[in-house]
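Quick notes on the structure that follows.
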Amino acid sequence: MSTPRPMQSLPCDVKDLALAAEGRRRTEWAASEMPVIEQIRARFAKSKPLKGHRIAACLHVTSETANLAITLKAGGADLRLCASNPLSTQDDVAAHLVKDHGISVFAVHGADNKQYYRHINSTLDFGPTMTQDDGCDLVNTLHSKRRDLIPDIVGGTEETTTGVIRLRAMEKDGKLAFPVIAVNDADTKHLFDNRYGTGQSTIDGIIRATNLLLCGRTMVVAGYGWCGRGVAMRARGHGAHVIVTEIDPTKAIEAVMDGFQVMTMEKAAPLGDIFVTLTGNINVLDTVHFRKMKDGAVVCNSGHFDVEINIKALRKLARKSRTVRPEVVEHELSPTRRIRVISEGRLVNLSAAEGHPAAVMDMSFANQALAAEYIAKHSSKLENRVYVMPRDLDEKVAKLKLRTMGFSIDKLSEEQEKYLSSYDMGT
Ligand code: ADE
């Protein structure tokens, strides 16, 4: 991997450039689990498909994202990166990208709301031609406060379910001002990142934050989308009794048939030892639930925004609150009712752990890189809509990943292809 020297005047805001060496080790460790992105990087370095593009990226600043950023730069892009969540930034990785790759990064772990938006604005200041977002905060800022920059933007990508929901609402209202590819909707993204990535990293965050034994405990999983499915599956694997809560009848049936208990949150509240929200909606855990929870109940969130647990209401109910472990605040409602919140209700997998493992981000970020290349090639034909990831690119990621994992699969024979495209061959 080449390591160009940064320009003297590189605009950036990171915690400490002296952390770069550790960030480099971390990024290289992640790279060893990301063979698909490595292959794309090698191709990009030759063909420079992003030459002339300025990409404003708002993603979790992790070692996995660093490998995407290096790939986009290898493809010829001028790149600026800011954090999509103030608690997920790995300061050493941010320093590495600036110091060793000359990439403008605006991200500091623990940034407050003001600094978070200042970083988004700094990322936009160079007048991007493309966006990459995780949760839609950057695109939202563009549409609400930086509209002057929109004419130069030919397209964008969105990484997560919550962001795609926001973009589709903008599209429906006729407000979306450039095309966006919903990377989240690629099969090679949500079937793996959302399910296995969130499944493992959420449990990882809960364990790192609390060191609780999960077996024999009752875990309540709110939301049975791909992320909820993953968490429920892995919680069961740890020996927890899992209760699922849902608002969608079909998903609820699926949870029942997957062997989980399904009930309302009001019924689950007094039963749960650990609660995880992954719904994308607000106040999924609220006063009515806190009042019913057991003493010592642990609550956390693994949905994109910190809106799922009504922390304000919990603080109001509490007589006192204290930090009991680095990532855990205990709220005492009465001497016999204490509720423990991990990472202030922010994404537990990225705040209390390191996010999804690199092997799964390999596919997510391969989709991001290929989507950026697609936009660079086809932007003139795209409308101001939310597009699903082109099927052939999704399949390309699957093929590459499968090959790097050392598996091969069967091919349809000519006879089988014919059978599948016919309608006159019956019994
Ligand atoms: N989202 C979830 N896990 C992540 C990771 N490790 N890096 C970047 N974005 C993520």
Side-chain angles (χ1 to χ4, degrees), residues 23 25-34 36-37 55 57-72 79 81-94 96-97 103 105 107 109 116 123 131-138 157-164 182-186 188-206 208 225-231 234 276-278 280 300-306 343 346-369 371-372:
R25 277 193 286 276
R26 243 194 199 197
T27 301
E28 285 174 358
W29 175 265
S32 69
E33 286 283 298
M34 301 178 84
V36 178
I37 205 79
I55 301 180
C58 179
L59 302 165
H60 297 292
V61 180
T62 65
S63 53
E64 292 77 24
T65 302
N67 280 290
L68 170 65
I70 296 164
T71 301
L72 298 172
L79 181 75
L81 173 66
C82 63
S84 58
N85 183 306
L87 292 186
S88 59
T89 298
Q90 295 168 354
D91 288 319
D92 50 0
V93 169
H96 164 56
L97 285 175
I103 293 173
V105 182
H109 186 94
Y116 175 75
T123 301
T131 64
Q132 288 192 330
D133 216 348
D134 186 341
C136 199
D137 279 349
L138 181 125
T157 63
E158 170 54 54
E159 170 77 5
T160 202
T161 316
T162 297
V164 173
V183 165
N184 183 70
D185 292 357
T188 48
K189 199 279 182 182
H190 66 264
L191 292 178
F192 304 96
D193 170 316
N194 301 28
R195 180 168 38 173
Y196 302 114
T198 309
Q200 178 166 321
S201 61
T202 299
I203 301 290
D204 184 15
I206 293 168
R208 287 196 206 192
W226 289 112
C227 296
R229 288 174 178 115
V231 173
R234 293 299 180 241
V276 191
T277 54
L278 311 99
C300 64
N301 166 54
S302 212
H304 186 80
F305 288 116
D306 58 342
S343 302
R346 291 191 185 274
L347 273 170
V348 65
N349 61 335
L350 280 142
S351 307
E354 292 171 69
H356 304 351
V360 88
M361 294 314 293
D362 190 25
M363 282 189 279
S364 309
F365 286 161
N367 277 292
Q368 283 284 5

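Indexing begins at 1, ligand by ligand and atom by atom, following the structure's order. We count residues from 1, following the sequence as given. Predicted model only: the values in this text are computed from it and were never measured.
Between the side chains of His356 and Asp193, at least one donor N or O sits under 3.5 Å from an acceptor N or O. For His304 and Thr162, the side-chain atoms include no donor-acceptor pair closer than 3.5 Å. If you check the side chains of Thr198 and Asn349, you find no donor sitting under 3.5 Å from an acceptor.
Remark: ligand 1 atoms within the under-4.0 Å shell around heavy atoms of Thr65 are 7 (N), 8 (C). In the vicinity of Glu354, heavy-atom distances shorter than 4.0 Å reach the ligand 1 atoms 6 (N). Proximity to Gly355 (heavy-atom distance under 4.0 Å) selects the following atoms of ligand 1: 3 (N), 6 (N). Of all atoms in ligand 1, numbered sequentially from 1 with element shown, those under 4.0 Å from a heavy atom of Phe365 are 8 (C).
Atom 1 (N) of ligand 1 has as its closest protein heavy atom His60 CD2, 3.7 Å. Atom 7 (N) of ligand 1 has its closest protein heavy atom at Thr62 OG1, 2.6 Å. Here the protein heavy atom with the shortest distance to atom 10 (C) of ligand 1 is Met361 CE, 3.5 Å.
Of the listed residues (Met361, Gln90, Glu354), just one forms a side-chain contact (heavy atoms from CB on, under 4.5 Å) with Ser63, and that residue is Gln90. Of the candidates Thr62, Asn85, Thr89, Thr62 is the only one forming a side-chain contact (heavy atoms from CB on, under 4.5 Å) with Leu350.
Scanning both residues, Ala182 and Val164, for their nearest heavy atoms gives CB-CG2, 3.7 Å. Of all heavy-atom pairs between Thr27 and His96, the closest is OG1-CD2, 3.4 Å.
Between Glu64 and ligand 1, at least one N/O pair is under 3.5 Å apart. Some N or O of His356 is nearer than 3.5 Å to an N or O of ligand 1, by distance alone.
The proximity of Asp134 to ligand 1, defined as any non-hydrogen pair under 4.0 Å, does not occur for either the backbone or the side chain.
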